[in-house]
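Below is one structure, written out as C-alpha cells; the observations come after it.
All values derive from a computational prediction rather than experimental measurement.
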Amino acid sequence: MNSNQETDAWSRRKFMKAVVSSSALAVMGQFGIFRLAMASQADKTGLTMIVVDYAKCTGCRTCETACSAANHKQTVNGETLNGLGNPETANIRVYPYNPDVDVPNVCAMCPDNPCIEACPVDPDPKTGFKALFRHPETRAVTNDPNRCITCGSCADACRTGTIIPNDDTGLPEHMCTLCNGDPQCVKHCPFGALTHVSVDLDRDFYAMKPDQIAGKLIQKWYGKSH
Ligand code: SF4
Ligand code: SF4
Ligand code: SF4
C-alpha cells in the first residue's frame with residue numbers, strides 16, 4: 001500500500017467509524033452448515049490464519065459476535081443453533097486504544113507451536129496429543145479438557161496473548177478454530193478488514209501482541225508514541 005492509498009484507507013476508516021457508531025452487536029443470522037474442508041490457501045506448512053487490515057477496522061466488534069455465535073452453539077429442542085454471540089467468548093477480540101486505533105487480536109497459528117511446546121502434559125500413548133494439540137483436520141490449536149491440568153503454561157507462552165484461561169475452569173480459551181475452513185469473522189466483517197490467508201512469518205504485525213501493534217499504528221497515524 002503506498003502513502004496515498006494509506007491516506008485513503010485511513011480516511012475511509014474514520015468516515016465509516018462515524019457512520020457505524022454502536023451498532024456493533026447486531027444480531028447475527030444463521031451461518032449455515034460449517035464446511036469440514038480446509039481452506040484452499042494453505043501454504044507449505046498447511047497453516048492458514050486470519051489477518052487484519054487495521055486501516056479498515058472501525059472497532060465495530062461484529063467479528064466478535066459472529067465468532068462467538070458460531071463457536072458457542074446452543075441446542076434447542078434437539079436442534080443446533082448459533083449461540084447468542086457474547087463477545088466475551090469470542091476467539092477474536094477487539095482492543096480499543098486512544099488515540100483512535102482498534103486492534104482485533106486472533107491466533108497467529110505459529111508454525112513452531114510455542115503454546116503446544118509449553119504444555120507439560122505427556123502425549124497420549126494412543127493419539128500422540130498433549131492436552132493442547134494441533135487438530136489434524138482443522139489445524140487449529142485445540143485443548144483436551146479431560147487431560148488439561150489448567151497450569152496456564154500455554155497462555156504464558158502465547159506470542160499474541162490470544163490464549164486466556166477461563167476464569168472459572170482455568171481451561172485455555174480463545175484459540176481460533178478457523179470455523180472449519182469457513183471463517184465467520186471474515187464473512188461478517190462489514191468493512192472487509194479481515195482476510196483468511198496462508199501463514200507468512202514476514203507479514204507486517206505477524207504474531208505481535210495488541211499493545212505492540214497499537215504502538216506502531218499510533219506512531220504511524222498520529223505521530224505519537226504509545
Ligand atoms: S475487524 Fe471488522 S468486524 Fe471486527 S471490529 Fe474491525 S471492522 Fe468490525
Ligand atoms: S493449561 Fe492445559 S493445555 Fe495449557 S499448558 Fe497447561 S495443561 Fe497444557
Ligand atoms: S475464523 Fe472463526 S474461530 Fe477464528 S476468529 Fe474468525 S470467527 Fe472466530
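No donor-acceptor pair closer than 3.5 Å links the side chain of H196 to the backbone N or O of V186. With hydrogens and angles ignored, the 3.5 Å screen pairs a side-chain donor or acceptor of H72 with a backbone N or O of T89. When atom types are taken as modelled, the side chain of S68 and the backbone of T65 share no donor-acceptor pair closer than 3.5 angstrom. Panel note: side chain E173, backbone L171; no donor-acceptor pair is recorded below 3.5 Å.
Residues C148 and P172 approach most closely at SG-CD, 3.8 Å, considering heavy atoms. Residues C185 and C63 come closest through the heavy atom pair CB-CB, 3.9 Å. Residues C189 and L194 approach most closely at CB-CD1, 4.2 Å, considering heavy atoms. For P120 against I149, the heavy-atom pair with the smallest separation is CG-CD1, 4.1 Å. Summarising the geometry of C57 relative to P104, their closest heavy-atom pair is SG-CG, 3.7 Å, with the distance given to 0.1 Å. Scanning all heavy atoms of the two residues, the minimum distance from D144 to N146 falls at OD1-N, 2.9 Å.
Inter-residue side-chain proximity for T58 and D102 is flagged as unmet; no heavy-atom pair is nearer than 4.5 Å. Between D53 and T195 there is no side-chain heavy-atom pair separated by less than 4.5 Å. Looking at heavy atoms from C-beta onward, M49 lies in side-chain contact with V197 at the 4.5 angstrom threshold. Using a 4.5 Å cut-off on side-chain heavy atoms (C-beta onward), R139 and T48 make no contact. Contact annotation: the side chain of M208 never approaches that of T160 to less than 4.5 Å [non-hydrogen atoms, C-beta and beyond]. Here the side chains of E88 and E64 are not in contact, with every heavy-atom distance at 4.5 Å or above. Contact of the C60 side chain with the P190 side chain is registered, since non-hydrogen atoms from C-beta on lie closer than 4.5 Å. Counting heavy atoms from C-beta outward, K220 and I218 have side chains that stay 4.5 Å or more apart.
Salt bridge annotation for K216-D211: absent, with no cationic side-chain nitrogen under 4.0 angstrom from a carboxylate oxygen. Salt bridge absent: D122 and K130 never bring a charged side-chain N and a carboxylate O closer than 4.0 Å.
Put simply, CZ on R134 and CZ on F129 are 11.5 Å apart, with the number rounded to the nearest 0.5 Å. Note: D200 CG to L47 CG = 12.5 Å, rounded to the nearest 0.5 Å. For the atom pair L81 CG and K73 NZ, the distance stands at 8.0 Å (nearest 0.5 Å). Here R159 contributes atom CZ and C110 contributes atom SG; the two are 4.5 Å apart, rounded to the nearest 0.5 Å. One distance of note links CG of D204 with OH of Y54; it measures 9.5 Å at 0.5 Å rounding.
For the residue pair N180/T138, the side-chain donor-acceptor check at 3.5 Å is not satisfied. A donor-acceptor contact closer than 3.5 angstrom is absent between the side chains of Y222 and D100. T162 and N105 form a side-chain donor-acceptor contact under 3.5 Å, judged by distance and modelled atom types alone.
The cluster map of Ile, Leu, Val, Met, Phe, Trp and Tyr, joined by side-chain heavy atoms under 4.5 Å apart, puts V94 and V52 in different clusters. The cluster map of Ile, Leu, Val, Met, Phe, Trp and Tyr, joined by side-chain heavy atoms under 4.5 Å apart, puts V101 and Y206 in the same cluster. L217 and V106 fall within a single hydrophobic cluster, where Ile, Leu, Val, Met, Phe, Trp and Tyr side chains are chained together by heavy-atom contacts under 4.5 Å. Follow the hydrophobic side-chain contacts under 4.5 Å out from F205 and you reach L201 in the same cluster.
For the side-chain hydrogen bond (donor to acceptor under 3.5 Å, both in side chains) with T177, the qualifying choice from N91, T142, N71 is N71, the only one to do so.
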- Query: Can R93 and I164 be said to form a side chain to side chain contact (heavy atoms under 4.5 Å, CB included), step by step?
  - Reply: CA-CA 11 Å; R93 294 160 71 87; I164 301 173; 3.8 Å; yes
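The hydrophobic cluster containing V141 also includes I116, L132, I163, M175, under a criterion of side-chain heavy atoms closer than 4.5 Å among ILVMFWY residues, counted directly or through chains of members.
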